[in-house]
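Here's a structure for you.
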Amino acid sequence: MSERPVRTRFAPSPTGLLHVGGARTALFNWIYARKKAGTFVLRIEDTDHTRNTEEAKQVILDGLHWLGLDWDEGPQKGGNYGPYYQSERGAIYEEYLARLEKAGHLYEDNGAIRFRSPREKVIVDDEICGKIEFDLTNPGTHPDLTLRRPDGSWIFHFVSVVDDIEMKISHVIRGEDHLSNTPKHVELYKALGAEPPRFAHMPLILNRDGSKMSKRDEGAALGTYPEAGYAPEAVRNYLSLLGWSPKENREIISTEEVVALFELDQVNRRNAAFDLDKCFWINGQYLLSMDLARYAELAIPFLQKAGITWPTWEALEKVLTIIKPKVKLLKDLPEWVACFFTEEFPYDEAAVAKSLVGTHAAERLQALSEAYATLPTWDAVSLEASLKETTAKLGIKTGEMVHPARVAVSGRGIGPGLYEMIEILGKDRTLARFAKGIEKAQAA
RNA sequence: GGCGCGUUCGUCUAGUCGGUUAGGACACAGCCCUCUCAAGGCUGGCGCACGGGUUCGAAUCCCGUACGCGCUACCA
């Protein structure tokens, strides 16, 4: 096998969504290219005119951009082997078809053009699956490939092989669903006088119950991840672990490390079930340990979308710092931070009923309010000390004061540490909300 | 049906040269911590598909069976 520069490719067809399985295929191709200091090519297989829309193409580009899988050649980027849309490569296909015709490999069948198989045994030496022998001698079980339909449109097998030759692809890393057709592709390469690339067929991604993932299965469409507020680095981490492992019991691993450790022959052969729970957990781990600048970068679009505004970066920074360990999905962020930047935040009825109404909340908040009103220093430590002093004086447990105070101040029964919240809110807003809480408590 | 690939806790996996109390993680249960919810810590239950071989010894090698997935398109 000659040493060729590594060139991998992701060749999706625009179906209207980027499937997680496709996203992982793209990721592994990208990882391998990066590892080998090679080139990652994006090619859009849009030969099916009926569902070939601008939006469908954009979904793919958006998905790859979001995941951080930048391509070296392809749409929006160009390259020496374009065009990168199959719909624009008709002349090239004509030329290759003519070559096969001239060599006598083709015949017509009801208007369609077919490739006459040499009818031999073909060994596919797969990087992941190993050497596999296919016996193509029986036309009954392995029919000749159709290359072109009577209406002139092209069939995937043919254009895919032609493009991989033309684009000098060295490694075809794709889903295992293509494995059985690979020997026929190999015959095509040989008929065209081209050396086949190295093949690597990866296991498929299935649902938890082993069934195929369809569009509407939860987590199947990559577009739902940015919407839900997953961090792309977390999703990359999760996808890397599907069919591959860094060993040493590592679960959280950066893309850089994956690139360093990745080997094609270490990829599993077994189909993997998709587990959104684990992806969710990994995302939580990333959000937890993420530096604030990155966190804010991801968080701000969700706040803007919810119409939340903040006076200064410093103010936002303080709030995000205490909220960060709480929120697992960025889409939930607005409801956690709203109370810091507006007086119009909602009060959770259940929490109000539980901690304010029909309790001693009014008199307790009144006592705390008085203590806080004269507090010389307004910081979490002082606030805690003062609250505990007050509860001791009243002869009640800390929690009996904290819960009503939390609901009064944030409208919710759960949240970050109470003292940290109150410190950020400041004396005026805190006392005003205590007063409002007392009102609510007495209203019942 | 034919051909191909696969089978370690519910799920992702470690286990690559046969000898491990079969390890980790998610999820689940319990406990600790605690102002809530998380996070964190600890503990627990849960697995080598089945049957034959080979061997002193098999999750690991061989054969068979079952099951799953893929291909078998003028889909990609």
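In the text below, chain A, chain B and the rest are named by the order of the sequence lines, each starting its count at 1.
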Original post:
When you check the phosphate oxygens OP1 and OP2 of B:C74, does a side-chain N or O of A:Arg114 lie under 4.0 Å from one of them?
Top reply: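 Checking A:Arg114 against B:C74: at least one side-chain N or O falls below 4.0 Å of OP1 or OP2.
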Original post:
Do A:Asn271 and B:G6 share a donor-acceptor pair, side chain to base, under 3.5 Å?
Top reply: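 Not at all, since no donor on one side and acceptor on the other fall under 3.5 Å apart.
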Subject >> Partner of A:Arg119 by side-chain hydrogen bond (donor to acceptor under 3.5 Å, both in side chains), out of A:Asp144, A:Asn138, A:Thr137 >> reply: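 Filter result, single survivor: A:Asp144.
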Original post:
OP1 or OP2 of B:A14 less than 4.0 angstrom from a side-chain nitrogen or oxygen of A:Arg270, does that happen here?
Top reply: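 So the side-chain polar atoms of A:Arg270 never come under 4.0 Å of the phosphate oxygens OP1 or OP2 of B:A14.
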**OP:** Consider the side chain of A:Gln285, meaning its heavy atoms from C-beta on, and name the nucleotide among B:C26, B:C35, B:G40 that approaches it most closely.
**Re:**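 Comparing B:C26, B:C35, B:G40 against the side chain of A:Gln285, the answer is B:G40.
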**OP:** Please tell me which of the listed nucleotides, B:A38, B:A14, B:C74, lies nearest to the side chain of A:Ser245?
**Re:**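 In terms of side-chain proximity for A:Ser245, the closest of B:A38, B:A14, B:C74 is B:A14.
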Subject >> Who pairs with B:A39 - Watson-Crick or G-U, where each distance is under 3.5 Å >> reply: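 Result: none.
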Subject >> Separation of B:C74 C1' from A:Leu106 CG (nearest whole Å) >> reply: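 To the nearest whole Å, that distance equals 15 Å.
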Subject >> Donor on one side chain, acceptor on other, A:His142 and A:Ser117, under 3.5 Å >> reply: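 Distance-only check fails for A:His142 and A:Ser117.
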Subject >> Interatomic distance where CZ belongs to A:Arg269 and P belongs to B:C12 [whole Å] >> reply: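 Rounding to the nearest Å, CZ of A:Arg269 and P of B:C12 are 17 Å apart.
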Original post:
OP1 or OP2 of B:A27 sitting under 4.0 Å from any side-chain N/O of A:Arg208?
Top reply: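 For B:A27, neither OP1 nor OP2 has a side-chain N or O of A:Arg208 closer than 4.0 Å.
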Original post:
Just by distance, with hydrogens left out, do A:Asp379 and A:Tyr419 show a side-chain donor and acceptor under 3.5 Å apart?
Top reply: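 There is no such pair between these side chains.
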Subject >> A:Gln266 vs B:U13: side-chain N/O to OP1/OP2 distance below 4.0 Å >> reply: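 No, A:Gln266 has no side-chain N/O under 4.0 Å of OP1/OP2 on B:U13.
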**OP:** Assess whether one donor atom and one acceptor atom, taken from the side chain of A:Glu251 and the base of B:G24, lie less than 3.5 Å apart.
**Re:**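 Donor-acceptor pair under 3.5 Å: yes.
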Original post:
Looking at A:Arg250, does any N or O in its side chain come under 4.0 Å of the phosphate oxygens OP1/OP2 on B:A14?
Top reply: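 No, because none of the side-chain N or O atoms of A:Arg250 sits under 4.0 Å from OP1 or OP2 of B:A14.
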**OP:** Output yes when at least one side-chain N/O atom of A:Lys212 is less than 4.0 Å from OP1 or OP2 of B:G68, else no.
**Re:**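 Indeed not, no polar side-chain atom of A:Lys212 lies that close.
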**OP:** Report yes if a donor N or O on one partner sits less than 3.5 Å from an acceptor N or O on the other, where the partners are the side chain of A:Lys247 and the base of B:A14; otherwise report no.
**Re:**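 Not at all, since no donor on one side and acceptor on the other fall under 3.5 Å apart.
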Original post:
So which nucleotide does B:A25 pair with, by the Watson-Crick or G-U wobble rule with both distances under 3.5 Å?
Top reply: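 When the pairing criteria are applied, B:U11 turns out to be the nucleotide that pairs with B:A25.
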Original post:
Given B:C5, is OP1 or OP2 found less than 4.0 Å from the side-chain N or O atoms of A:Ser180?
Top reply: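 Checking B:C5 against A:Ser180, no side-chain N or O comes under 4.0 Å of OP1 or OP2.
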**OP:** Mind calculating the distance between CG (A:Asn138) and C1' (B:G1) to the nearest angstrom?
**Re:**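 After rounding, the reported distance stands at 13 Å.
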**OP:** Identify, with sequence neighbours excluded, every residue that meets salt bridge (Lys or Arg N to Asp or Glu O under 4.0 Å) alongside A:Arg9.
**Re:**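 Checked A:Arg9 against salt bridge (Lys or Arg N to Asp or Glu O under 4.0 Å); matches are A:Asp164.
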**OP:** Hey, can you tell me if A:Tyr93 and A:Trp154 have their rings parallel, tilted or perpendicular (30° and 60° cut-offs)?
**Re:**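 Rings of A:Tyr93 and A:Trp154: perpendicular, over 60°.
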**OP:** Could you state the atom-to-atom distance from CG of A:Asn181 to C1' of B:G2 in whole Å?
**Re:**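 Going from A:Asn181 (CG) to B:G2 (C1'), I get 15 Å.
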Original post:
Given atom CG of A:Asp275 and atom C1' of B:C9, what is their separation to the nearest angstrom?
Top reply: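 Distance, rounded to whole Å: 13 Å.
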**OP:** Looking only at side-chain atoms of A:Lys328, point me to the closest of B:C26, B:G70, B:A38.
**Re:**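 Output: B:A38.
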Original post:
If we take the C1' atom in both B:U13 and B:G57, what is their distance in whole Å?
Top reply: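 Comparing C1' positions in B:U13 and B:G57 gives a spacing of 27 Å.
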Original post:
Would you say the side chains of A:Ser410 and A:Arg406 form a donor-acceptor pair under 3.5 Å?
Top reply: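 Absent: no donor and acceptor within the cut-off.
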Original post:
Can you check whether A:Thr146 has a side-chain N or O nearer than 4.0 Å to OP1 or OP2 of B:C74?
Top reply: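 For B:C74, OP1 or OP2 has a side-chain N or O of A:Thr146 closer than 4.0 Å.
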Original post:
In whole Å, what is the span from the CG atom of A:Leu418 to the P atom of B:A38?
Top reply: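 Going from A:Leu418 (CG) to B:A38 (P), I get 18 Å.
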Original post:
Which class fits the ring pair A:Trp244 and A:Phe262: parallel under 30°, tilted 30 to 60°, perpendicular over 60°?
Top reply: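 Taking A:Phe262 first and then A:Trp244, their aromatic rings sit tilted (interplane angle of 30° to 60°).
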Original post:
Taking OP1 and OP2 of B:U13, is either one under 4.0 Å from a side-chain nitrogen or oxygen of A:Asn268?
Top reply: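 Yes, such a contact exists.
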**OP:** Once you apply the 3.5 Å cut-off to both distances, tell me the Watson-Crick or G-U wobble partner of B:G51, or none.
**Re:**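 The base-pairing partner of B:G51, which may sit in any strand shown, is B:C63.
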Original post:
Roughly, in whole Å, what's the span from CZ in A:Arg24 to P in B:C12?
Top reply: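 Distance, rounded to whole Å: 11 Å.
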Original post:
Starting at the 5' end of RNA chain B and moving along, which residue's nearest nucleotide shows up first, A:Val327 or A:Arg148?
Top reply: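 On the 5' side of the pair lies A:Val327.
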Original post:
Within this structure, what is the CG-to-P distance between A:Leu241 and B:C12, rounded to whole angstrom?
Top reply: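 The distance from CG of A:Leu241 to P of B:C12 comes to 12 Å, rounded to the nearest Å.
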